[in-house]
Asker: 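I have a structure I would like to understand better, so I am pasting it below and will then ask my questions one at a time.
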Number of protein chains: 2
Amino acid sequence: MADASTRTVERALLLLGTVCDRGVVSLADAARDATLSASTALRLLRTLESTGFVRKDDDGYRPGMRIVQLGAQALSHESLVSLAGAALDRLVGGTGESAYLNVPADDGHGIYIAVREGTHSVRHTSWVGRRIPLTGTAAGKVLAGEAPSCGYVVVRNGIEPDVTAVAAPVMIGDRIAASLSVVVPSYRISEQQADTLGELVAAEARSILNTSTATPAPGGTHPGDTEIQGESA
Amino acid sequence: MADASTRTVERALLLLGTVCDRGVVSLADAARDATLSASTALRLLRTLESTGFVRKDDDGYRPGMRIVQLGAQALSHESLVSLAGAALDRLVGGTGESAYLNVPADDGHGIYIAVREGTHSVRHTSWVGRRIPLTGTAAGKVLAGEAPSCGYVVVRNGIEPDVTAVAAPVMIGDRIAASLSVVVPSYRISEQQADTLGELVAAEARSILNTSTATPAPGGTHPGDTEIQGESA
DNA sequence: TAATGCATTTCACTTATTGAAACGCTCTTT
DNA sequence: AAAGAGCGTTTCAATAAGTGAAATGCATTA
């Protein structure tokens with residue numbers, strides 16, 4: 001028991017990942033991909049199959065309904081909030097500005113589901129549950145799918161005067177799950193700085209659902225670690 | 001090797017299910033839930049943790065980003081289509097009418113992503129990729145979240161004259177992922193029959209993402225197996 | 001026909017999983 | 001304060017359980 005981890009389970013989860021990554025995969029391919037003997041791969045895939053995590057048809061193995069189900073459950077707001085927690089903290093830590101997470105709400109609106117107040121004495125403030133329109137706000141535009149090529153949206157003095165909002169989408173597959181944003185008093189940030197911040201926010205947004213691949217190396221790299229946004233006015 | 005399944009993996013997946021079901025769970029609770037000794041549960045949860053399937057914080061274990069990621073991937077249209085395939089087949093087999101699967105599209109519309117033509121010589125026909133408005137159609141109403149208490153929507157002679165559409169939502173957690181529907185020439189179905197059909201469609205829609213719990217018994221029960229919709233005019 | 005590749009089964013080997021027990025810890029109870 | 005209960009964690013010997021090479025049968029391809 002070298003590393004307090006279960007080899008069999010690791011292998012099974014690796015296979016599960018392979019199946020989900022490729023969409024459909026043959027036994028031989030899956031075995032190659034995971035560097036397993038065919039017999040082992042077969043046994044593990046059968047276990048995954050009997051539990052509904054994968055299913056088998058004539059073309060090979062595909063993701064099963066159980067994983068869709070669990071993934072959807074895990075995607076509840078609460079989970080998304082805590083998944084995004086670290087990213088929000090890093091944004092506040094790196095910029096001193098307030099950071100937010102929004103999701104689409106019922107009608108054509110979005111709501112704040114997580115907030116981290118900035119550390120500046122003059123800062124933007126909002127609260128969990130607050131509704132925002134999908135137009136005229138950076139977070140709203142992102143939720144509305146007005147995804148710019150650069151990966152983030154900057155709105156200066158939009159619906160809220162005197163503040164500049166920078167937002168980027170949290171993608172889940174090819175669908176927009178949420179919007180991550182930082183809101184800054186406009187006097188404190190130049191257009192150029194806003195773009196730099198945009199890159200940072202976009203990187204953090206991407207990181208939220210990006211598997212940092214297995215055991216993150218001690219002191220693993222996160223977006224923003226290398227380059228903290230300057231904040232001189 | 002009694003049943004060609006690996007106990008360790010089964011247990012790990014069971015724990016994963018527990019974590020996702022409860023949202024957050026302590027080691028002791030998880031162990032009890034899965035009828036495992038604490039030490040075994042701990043080891044398996046650590047494996048799940050090191051692979052990103054669960055994560056641990058002060059409150060206990062929670063679903064990790066990896067499962068959200070895989071679930072989202074699995075939820076791509078293609079997967080949903082093939083997950084729904086069996087349900088569509090059963091609907092056509094049981095009723096002889098055309099059955100469809102729709103998802104929300106870009107603007108306020110839905111699209112057909114899977115069709116199964118009925119077997120009657122006079123039948124409704126549509127095609128994959130066709131767009132429907134969210135109002136005036138049964139599938140559209142379902143997608144729009146106009147979820148009736150009974151679990152299905154019946155639209156007689158709506159946008160399409162002379163046909164009766166019966167639709168039910170495919171829920172994924174608490175969000176509407178798709179609409180499952182059967183469309184029947186109106187002359188062939190009474191209002192009462194439409195309601196019966198509604199129950200059937202709703203049951204099938206529910207079944208699509210309902211884990212049929214582990215190894216389905218040979219000839220496992222599916223909605224509609226017991227009670228096929230009569231179709232006398 | 002021979003050859004290649006795949007899915008599947010078998011089986012001896014032994015590795016890797018297992019769970020009881022013990023420990024330190026934090027609360028709660030007495 | 002001391003005792004008790006519950007939790008997370010580690011240890012360790014027993015052995016149950018997973019492993020992979022090899023063999024089989026079946027398609028496809030050359």
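Chain identifiers are assigned alphabetically (A, B, ...) following the order of the sequence lines, protein sequences preceding nucleic acid strands; residue numbering begins at 1 within each chain.
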Asker: Give a yes or no on whether a salt bridge exists between B/Arg123 and B/Glu117, defined as a side-chain N under 4.0 angstrom from a carboxylate O.
Answerer: yes

Asker: Can you identify which nucleotide, out of C/dC6, D/dG18, D/dT9, has its nearest atom closest to the B/Lys56 side chain?
Answerer: D/dT9

Asker: Can you figure out which of C/dA7, C/dT8, D/dT9 approaches the side chain of A/Arg46 most closely?
Answerer: C/dT8

Asker: Consider the side chain of B/Ala28, meaning its heavy atoms from C-beta on, and name the nucleotide among D/dT19, C/dT18, D/dC7 that approaches it most closely.
Answerer: D/dC7

Asker: With respect to the side chain of B/Arg43, which nucleotide from D/dC7, C/dA7, C/dT18 is positioned closest?
Answerer: C/dT18

Asker: Where the side chain of B/Thr6 is defined as all heavy atoms beyond and including C-beta, which of D/dT9, C/dA7, D/dG18 is the nearest nucleotide?
Answerer: D/dG18

Asker: Between C/dA7, D/dT9, C/dT18, spot the one nearest the side chain of B/Tyr61, thanks.
Answerer: D/dT9

Asker: Return the nearest nucleotide to the side chain of B/Thr8; candidates are C/dA7, C/dA16, D/dA17.
Answerer: D/dA17

Asker: Taking the side chain as C-beta and beyond, is there a heavy-atom pair between A/Asp59 and A/Val25 under 4.5 Å?
Answerer: no

Asker: Which of the following nucleotides, C/dT8, D/dT10, D/dG20, is nearest to the side chain of B/Leu42?
Answerer: D/dT10

Asker: Considering only NZ, NE, NH1 and NH2 on the basic side and carboxylate oxygens on the acidic side, decide whether B/Arg90 and B/Glu204 come within less than 4.0 Å.
Answerer: yes

Asker: Indicate, with a heavy-atom threshold strictly under 4.0 Å, whether B/Ser39 touches base, sugar-phosphate, or nothing.
Answerer: base

